[in-house]
Trainee: 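First the structure, which I've put down as structure tokens, then a few questions once you've had a look.
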Number of protein chains: 2
Amino acid sequence: MDAIDKKLLQLLQTDTKKTTKELSVKLNLSVTAVYERIKKLEREGIVDKYVALLNRNKINKGFVVFCHLKLLQHTKEFINQFEKEVVKLNEVLECFHVSGDYDYILKICVKDMEEYREFMVTKLTTLQHIGSTHSTFMIGEVKNTTVFTV
Amino acid sequence: MDAIDKKLLQLLQTDTKKTTKELSVKLNLSVTAVYERIKKLEREGIVDKYVALLNRNKINKGFVVFCHLKLLQHTKEFINQFEKEVVKLNEVLECFHVSGDYDYILKICVKDMEEYREFMVTKLTTLQHIGSTHSTFMIGEVKNTTVFTV
DNA sequence: ATTTAAATTAGAAAATAAATCTATTTAAAT
DNA sequence: ATTTAAATAGATTTATTTTCTAATTTAAAT
């Protein structure tokens, strides 16, 4: 992983529709050299996947909520059961098990407050073993990137 | 935006390396039809961009921290200045302005606790107008997707 | 400094895919 | 029924990716 790879990863993380030819110009390499470097990064699992990112606001997912959640108990059974169920909820884009005052931080994307209420009442709080939840609402997006500086 | 578009968006959000031919098979359409639908979704801004997602753990970014942060005051000047500076920090992948007990939730990715300490001391806490911070550490990733169910 | 092996790179050729074009179909409105 | 606009299919052109071979570079050992 040299400086060229880092630059290449930067470019791939930003836009995968650039042709290998375009990348080769930016990196001062031949097309083949770039091609082989990309394949290597893929083989090594550093590049995980190529995806399209959507504009939340154009698909009625502009209402973002961070939900801090506690379980009733921290038994393996309760944890496993909760985690197994929460991943199935489409509104939950992210769920991290965390240290501290609560057990999980969830990022939830829905259309508006009404839809959030509906989600809470009919989906989230029907999961078993939930002790308490605390919702924090996004009022502005300052930074939101998938790009790591390697 | 019909059912085919929704299915197409699902596929694009999961893997953009599928050829239009492969997509056309999955969607029971001709290559051209798929091609035109993709271009339309791009024109409308529903598809925002195409990116490569990296494996955090392979690039020394496996230590994830959620930092809850308060400003000293909520003046426009303090807010603007903080937001202008925080976006420049490469370790901060996400920063959301939120309602509630604190003002911002940050997602920070670094190598380990040592690097996090270094980041806090030399970068984050040197920003102006910060009142307090509270760090919560990820101990497990239950779900982490960029895929919206449209 | 020289040798050696491995990795990387370049350029050309082949294979594959994207983009364009024309004609046809479909669905909605009149 | 007829018109219109949008969506689709198939064929063609254009562009890109992938493979192949050979040359070059790099790093380690002598």
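First the proteins, then the strands, lettered A, B, ... as listed; each starts at 1.
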Trainee: Summarise protein proximity over nucleotides 14-28 of chain D in one line of letters, 5' to 3': B for base, S for sugar-phosphate only, - for none, counting protein heavy atoms closer than 4.0 Å.
Mentor: --SSBBB--------
Trainee: Atom CG of B:D5 and atom C1' of D:dA7: how far apart are they, to the nearest Å?
Mentor: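 Distance check: B:D5 CG to D:dA7 C1' gives 11 Å.
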Trainee: What pairs of donor and acceptor atoms, side-chain ones from residues 128-138 of chain A against any protein atom, are under 3.5 angstrom apart with sequence neighbours left out?
Mentor:
residue : atom : partner : partner atom : Å
A:Q128  : OE1  : A:Q81   : NE2          : 2.6
A:H129  : NE2  : A:Q81   : OE1          : 3.2
A:S135  : OG   : A:Y116  : OH           : 2.7

Trainee: Roughly how many Å is it from CG in A:L29 to C1' in C:dA7, rounded to a whole number?
Mentor: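 So the CG-C1' distance, A:L29 to C:dA7, works out to 14 Å.
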Trainee: Between B:Y104 and B:F82, is the ring centre distance below 6.0 Å?
Mentor: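 Distance test on ring centres: under 6.0 Å, yes.
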Trainee: Measure the distance from CD1 on A:I4 to C1' on C:dA10 and round it to the nearest whole Å.
Mentor: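 Value for this atom pair: 14 Å.
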Trainee: By the side chain to side chain donor-acceptor pair (under 3.5 Å) test, which pairs, at least two apart or in different chains, include something from residues 62-76 of chain A?
Mentor: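 Side chain to side chain donor-acceptor pair (under 3.5 Å) check on residues 62-76 of chain A returns A:H68-B:H68, A:H74-A:D103.
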Trainee: Round to the nearest Å and state the distance from B:I38 atom CD1 to C:dA18 atom P.
Mentor: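 It is 8 Å, rounded to the nearest whole Å.
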Trainee: Please state how far atom CG in B:D2 lies from atom P in D:dA7, giving the value in whole angstrom units.
Mentor: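 Atom CG in B:D2 sits about 9 Å away from atom P in D:dA7.
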Trainee: Go through C:dT9, C:dT8, D:dA7 for me and flag the one nearest to the A:K40 side chain.
Mentor: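 Of all the options, the side chain of A:K40 is nearest to C:dT8.
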Trainee: Can you list every salt bridge (charged side-chain N to carboxylate O under 4.0 Å, His left out) pair that touches residues 4-13 of chain B, not counting sequence neighbours?
Mentor: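 Passing the test, one end in residues 4-13 of chain B: B:D5-B:R37.
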Trainee: For A:L53, enumerate each residue passing the side-chain contact (heavy atoms from CB on, under 4.5 Å) test, keeping only those at least two apart in sequence or located in another chain.
Mentor: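 Here the qualifying residues are A:V51, A:T146, B:K49, B:V51, B:T146.
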Trainee: Check this one for me: any side-chain N or O of B:R37 less than 4.0 Å away from OP1 or OP2 of D:dT8?
Mentor: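 Answer is yes, contact under 4.0 Å.
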Trainee: For residues 116-145 of chain B, which residue pairs qualify under salt bridge (charged side-chain N to carboxylate O under 4.0 Å, His left out), counting only residues two or more places apart or in two chains?
Mentor: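 Sorted pair list: B:R56-B:E141, B:E91-B:K123.
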Trainee: How would you list, by chain and number, every residue that makes a side-chain contact (heavy atoms from CB on, under 4.5 Å) with B:E36, sequence neighbours excluded?
Mentor: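 Here the qualifying residues are B:T32.
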Trainee: Taking atom C1' of D:dT8 as reference, at what distance in whole Å does atom CG of B:L23 sit?
Mentor: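 Going from B:L23 (CG) to D:dT8 (C1'), I get 16 Å.
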Trainee: Return one dot-bracket line describing DNA chain C 5' to 3' (Watson-Crick or G-U wobble pairs, both distances under 3.5 Å; ( ) same strand, [ ] crossing, | another strand, . none).
Mentor: ||||||||||||||||||||||||||||||
Trainee: Per the salt bridge (charged side-chain N to carboxylate O under 4.0 Å, His left out) rule, what does the pair list look like for residues 16-28 of chain A, sequence neighbours excluded?
Mentor: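 Output for this query lists A:D15-A:K18.
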Trainee: Check whether any side-chain heavy atom of A:V47 lies under 4.5 Å from a side-chain heavy atom of A:L9, and answer yes or no.
Mentor: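 Counting from C-beta outward, A:V47 and A:L9 do come under 4.5 Å.
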